[in-house]
**Q** 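Attaching a single structure in structure tokens format; questions to follow.
Because only heavy atoms are used, hydrogens play no part in the values below, and waters and symmetry mates are left out as well, while side chains stay in.
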Amino acid sequence: MSLEWRGAAVAPDDEMPTPEAWKPVTVPGRPEQFAGADAVAYETTVSDPRSADDEHAFLVLEGAFAHTRVWCNGELLASHDAYFEPLRVALPDAEELRVVVECRAPEDRFGGLHATDQLPAERCVPGIWWGAEIATRPDPCVRELSARPRLHDDGAAVEVTATVATDEPLDDRLTLSLRPEGDVRGGGMMDRARVSTDAGTETVTYAMDVRDPSLWWPHDRGEQSRYVVRAKLGDDEHTATTGLASVEYDDGLTVNGEDVRVRGVTLVDPTVADVERAVRANANLVRVRAQGAPPDVAAACDEHGVLLWQDLPLSGPGAFDPERGMDLAERLDGTYGRHPSFAAVGVHDDPVSPYADGLGSGFLDRLRFRFRAWRAGYDAADADAVGETVESVPTFPVVGPPGIGPDAVTLYPGWRYGSVDDLEWLCERFDVGDVIAGFGAGSLGRPDPEAAPGFDRSCHDRHVEDGVDASQAYQANVVRRVTEQLRQREATMLVADCLRDAGDAGMGLVTAGGDEKPAYDALTNGYEPTQIVLSDPRPGEREIVILHDRPARAALTVEWDRNGDREQVEHTVGPFARITVDTLSLSAGDDVTLAVTDGQRVATNEYTISE
């Protein structure tokens, strides 16, 4: 049912908020007039929504950030401290219901990016961000329903968990059915689970075996098959959608037991449109950095075949409570576990202060880099303990710069420090592994940006001082060079940071308003599953290299043109191959065009060789 809400900034205390004046606000949303407030209260009043056929009424909030309390008619009904987890509150019987919801800014270390300067203040307003409704149900009813996919050696199952609410003692059967999503004949299953309880709520868990399962795959590997679970109790019915997939990591990511080379992007302000942009950029993974993914974003990952790397909301240097982290990790796993796209969890993002910003590429700069990296060491024990709580998908407890022993490294040569040509030194000196959780460069999204959270222009004036076009051209060159080099190094998980700016300037390949920068095309080209590149676009003896990130052998036609001299050869490459086709002797000013095709798709690259 539609609700009219009012809001007010309030002082956080133990009492129900009673502001002097309420202002009309849109819920769900993030009312900009409350930016910077420590606590915001929201109020709505409705007549009893129950009809003759509905004895239960529930307030359902999604994205209640970050610490939330709910009152109805002056009575405190619920407290909540994990905004990525839906909050369902049973409402009392009354002719009129006055609901007050107080949302407070993070009271601990688990505010994620929203507790840093990486996002504009208006995106961090304490509030009900994703959804707010009052739902009515008959008695008895299925109050909540979740479905968790399980793949095992003998086949597959869906673990169904249903929470039943009843006003009277109940001894009945819960009818469970499982069918492929869409207009698909056959493949359905049905079963019954006993429910025996006194008045109140009871949770029923039941594993439904799936015959001849259809698996969910990333979009570049297969179909996005999904199943609808239906739970029926008396006159009440509840549904949930899931899919069958398993993800593991051991020297590379596997989905359903098969290797997958990850080409990903980071989302700092995730939307459904961003997931669609990721697909167009040839990405097969999004990393939702240090925050919870909105439900529609997670659902879009399922629909579009994009793996979801979901971080805990924990970012920046500083100690944290590991027990609180373990609790949140379990709840995050439970919230996103029904999504077949759910593929990884990061625990502590960016855990040390920047230590190399502004360093160049010289001998002394490299010595300074090594010393600062050593001094910035990080004790990963607490992050590791939190990571061990998640058993369903791989975890990367520490995501940060080289030198601190991260599980997933972030690299910014040519932007925060040095030049793109320092990438090889960084990888060799710091034993950089196969998981790159962030790389790229920043640029201006508009002239003289007024709001650029997380973008310290003073540190990077040498890259943006010539204006929007020059800064975006520089960014595109860094993204292209680093992408090509990391793919040649056979990084098994590669994630560009980030897809879209949060303000007027930033690391985004796309502006905050959705306009593509040149770097977006650079990444899209660099992420072609089968691509051809120069080993190094500088003068010297350089190799022509095929990058093939597909699981099957392929017969390819390769062509190259150097200053008008054209050659063509045929090559057969194996799964996930890196093949040298030929060697060119290049001089400054040479123009080189490369192309490769499997008969279905053509990928090209053009280079002008510079000193």
Side-chain angles (χ1 to χ4, degrees), residues 55-56 58 60 62 82 84-88 90 135 137-182 184-216 224-247 256 295 298-299 302 329-342 389-393:
E55 289 87 355
H56 295 279
F58 303 104
V60 184
E62 293 187 297
F84 53 79
E85 181 182 65
L87 171 59
R88 296 178 177 87
R137 318 289 282 187
D139 184 67
C141 68
V142 178
R143 173 176 168 174
E144 299 176 45
L145 180 68
S146 64
R148 189 72 184 251
R150 303 290 188 192
L151 295 187
H152 46 77
D153 293 339
D154 298 327
V158 173
E159 184 179 280
V160 180
T161 301
T163 300
V164 172
T166 177
D167 287 340
E168 303 290 341
L170 180 66
D171 189 359
D172 204 343
R173 296 281 180 175
L174 181 68
T175 301
L176 301 171
S177 65
L178 180 71
R179 290 186 60 84
E181 185 184 49
V184 179
R185 293 186 178 182
M189 287 135 278
M190 182 176 290
D191 219 328
R192 293 177 180 271
R194 186 179 178 186
V195 183
S196 182
T197 182
D198 294 330
T201 61
E202 178 74 9
T203 298
V204 178
T205 300
Y206 193 87
M208 300 188 70
D209 291 328
V210 183
R211 298 186 298 270
D212 301 320
S214 296
L215 303 183
W216 181 97
Q224 288 73 59
S225 301
R226 282 168 290 174
Y227 289 83
V228 176
V229 177
R230 181 171 280 101
K232 192 173 188 302
L233 181 64
D235 295 329
D236 186 52
E237 189 173 274
H238 211 99
T239 62
T241 303
T242 189
L244 297 168
S246 66
V247 182
N256 302 328
D302 294 345
E330 288 182 357
R331 294 161 72 180
L332 182 140
D333 191 18
T335 298
Y336 296 100
R338 72 176 180 88
H339 293 281
S341 58
F342 186 44
T389 305
V390 179
E391 297 181 353
S392 61
V393 295

**Q** Donor-acceptor pair, distance only, cut-off 3.5 Å: does the side chain of Asn256 make one with the backbone of Ser246?
**A** yes
**Q** Going by heavy atoms in the side chains, are His56 and Pro138 under 4.5 Å from each other?
**A** no
**Q** Any chance you could measure Leu151, atom CG, to Leu215, atom CG, to the nearest 0.5 Å?
**A** 6.0 Å
**Q** Would you please name every residue forming a side-chain contact (heavy atoms from CB on, under 4.5 Å) with Glu85, sequence neighbours left out?
**A** His80, Ala82, Arg331, Thr335
**Q** For residues Arg211 and Met189, determine if any side-chain heavy atom of one lies less than 4.5 Å from a side-chain heavy atom of the other.
**A** yes
**Q** Among residues at least two apart in sequence or on other chains, which ones pass side-chain contact (heavy atoms from CB on, under 4.5 Å) with Ser392?
**A** Arg148, Asp333, Phe342, Val390
**Q** Which heavy atom of Pro180 sits nearest a heavy atom of Gly188, and at what distance?
**A** CD-N, 4.3 Å
**Q** Please round to the nearest 0.5 Å and tell me the distance separating atom CG of Asp302 and atom CH2 of Trp216.
**A** 6.5 Å
**Q** Just to verify, what does Val142 make a side-chain contact (heavy atoms from CB on, under 4.5 Å) with, not counting sequence neighbours?
**A** Leu145, Ala162, Leu174, Ala231, Leu233, Asp236, His238
**Q** Of all the heavy-atom pairs spanning Pro149 and Gly337, show the shortest one and how long it is.
**A** CD-O, 3.4 Å
**Q** So, for Asp139 and Ala165, which heavy atoms are closest and what is the spacing to 0.1 Å?
**A** OD1-O, 3.9 Å
**Q** Return the OG1 to CD distance between Thr161 and Glu144, rounded to the nearest 0.5 Å.
**A** 10.0 Å
**Q** Taking all heavy atoms of Ala90 and all of Phe58, pick out the closest pair and write down the distance.
**A** CA-CD2, 3.7 Å
**Q** Which pair of non-hydrogen atoms, one from Ala299 and one from Arg226, has the smallest distance, and what is that distance?
**A** O-NH1, 4.4 Å
**Q** Are more than 12 heavy atoms from other residues, nucleotides or ligands located less than 6.0 Å from atom CG of Asp235?
**A** no
**Q** More than 12 foreign heavy atoms under 6.0 Å from CG of Asp171: is that the case here?
**A** yes
**Q** What's the shortest heavy-atom distance between Pro340 and Ala245, and which atoms?
**A** O-CB, 3.7 Å
**Q** Would you give the length of the straight line joining atom OG1 of Thr242 to atom CZ of Arg338, rounded to the nearest 0.5 angstrom?
**A** 7.5 Å
**Q** In Å, rounded to the nearest 0.5 Å, how long is the span from CD of Glu181 to OH of Tyr227?
**A** 11.5 Å
**Q** Can you name the one residue among Met208, Arg230, Lys232 that meets side chain to side chain contact (heavy atoms under 4.5 Å, CB included) with Leu176?
**A** Met208
**Q** Would you say His152's side chain and Asp154's backbone share a donor-acceptor pair under 3.5 angstrom?
**A** yes
